[in-house]
Number of protein chains: 2
Amino acid sequence: MNRFLGHVTNKIDAKGRVSVPAPFRSIIQMAGYTELYALRSLHLPALDVGGPELLTRFDKHLGQEDPFAETADDMSFYLHADGGFLKLDGDGRITVTDFIREHTGISADVTFAGANTHFQMWQPDQFETHRARVRARLAEQRRQRELSAPAGSS
Amino acid sequence: MNRFLGHVTNKIDAKGRVSVPAPFRSIIQMAGYTELYALRSLHLPALDVGGPELLTRFDKHLGQEDPFAETADDMSFYLHADGGFLKLDGDGRITVTDFIREHTGISADVTFAGANTHFQMWQPDQFETHRARVRARLAEQRRQRELSAPAGSS
DNA sequence: AGCGATATCATGGGGCACTATGGGCGTCAA
DNA sequence: TTGACGCCCATAGTGCCCCATGATATCGCT
């Protein structure tokens, strides 16, 4: 398995550390990384986390934009100033810094959620709320589609 | 890790010194520099700081931006006249000169922000303002893109 | 199939090293 | 002398490395 899948909630210990779920870790380690790149999601109170190549991927994307447009500057600032590395300790844990807490509202527990090529870190309640909202949206969309199409599908 | 990434805010002490974040320092040392070149950012109340090669890079960059030789000369003048060196002391600190304070509004604290190949120095509030504005702009752009494309989100 | 041995994982905690910060003191120049 | 600046040391807090524990899953042998 080489994709980030499913979600788990882990505790933050007294020293402010939290274990990255083993399945997620193994994906990272398989690629040979000991560091994680984390980015504060634009539209969600969550962090997008992946191997350092996640940053490279974004960077490449940036390179395709017009380097003199304001957007390119914004993107660069966002990627580099509003992102950071998370170091995995020997036991596969990361320390939950203020950088993480501020954006996510995380305090005592962390929900790790798979997102295919990377994963996300959430405050558990926020995650649950978001999950419910996404389900509702998808159901609504499905309903819309059924209204505009003749019944009898699937 | 060989890129400037993330942001930290450090205090200026009674003698007007401030610690350059250790991760940033290690990148600089790895490149073999003991001096930093600081440049007043054109569009932002911030300083762009990096090794001496930063000057060359900016020079080239700005030269390409505008075909008019006159502008290129202006840029070159600007780079050399409005830039300065920052010396790292034995403990990895730099003294915050008026050259820095005037352009940035820095007085008691400094926010160091990574920018991939170099880093920036900001007055904390200004940094936060800029960060929020950039996020807003990018979020708006993303929203625009979604309007013209089929739905589907993470 | 039963059941103990083994591995894996999340969590806890000790302790050292490093970092940010504070401050002393000598030097050099105005 | 006074003040700016270099170099040095002190210290509190944090981060990081290492090992311990218990719970759960896996394996292997009878």
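Just so we're on the same page: letters track the sequence lines, and every chain starts at 1.
For the pair B:A22 and A:A22, both in contact range of DNA chain C, the more 5′-proximal nearest nucleotide belongs to A:A22.
Of the charged side-chain nitrogens involved, at least one lies within less than 4.0 Å of a carboxylate oxygen, so that A:D91 and A:R93 count as a salt-bridged pair. Using a 4.0 Å cut-off between charged nitrogen and carboxylate oxygen, A:D59 and B:R3 count as a salt-bridge pair. Using a cutoff of 4.0 Å between basic side-chain nitrogens and carboxylate oxygens, A:R143 and A:E140 are scored as salt-bridged.
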Just by protein heavy atoms under 4.0 Å, how would nucleotides 2-14 of chain D read 5' to 3' in B, S and -? ----BBBB-----
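Contacts of B:F85 classified as ring pair (Phe, Tyr, Trp, His ring centres under 6.0 Å), with partners at least two apart in sequence or in another chain: B:Y37. Residues satisfying the ring pair (Phe, Tyr, Trp, His ring centres under 6.0 Å) criterion with B:H130, sequence neighbours excluded, are A:F77, B:W122. Shown here are the ring pair (Phe, Tyr, Trp, His ring centres under 6.0 Å) partners of A:H80, two or more places apart in sequence or in another chain: there are none. With sequence neighbours left out, A:H118 forms a ring pair (Phe, Tyr, Trp, His ring centres under 6.0 Å) with no residue at all.
Interface limits on DNA chain C: the 5'-most and 3'-most nucleotides within less than 4.0 Å of chain B heavy atoms are C:dT19 to C:dC25.
Partner of A:I27 under the side-chain contact (heavy atoms from CB on, under 4.5 Å) criterion, chosen from A:Y33, A:F119, A:F4: A:F4.
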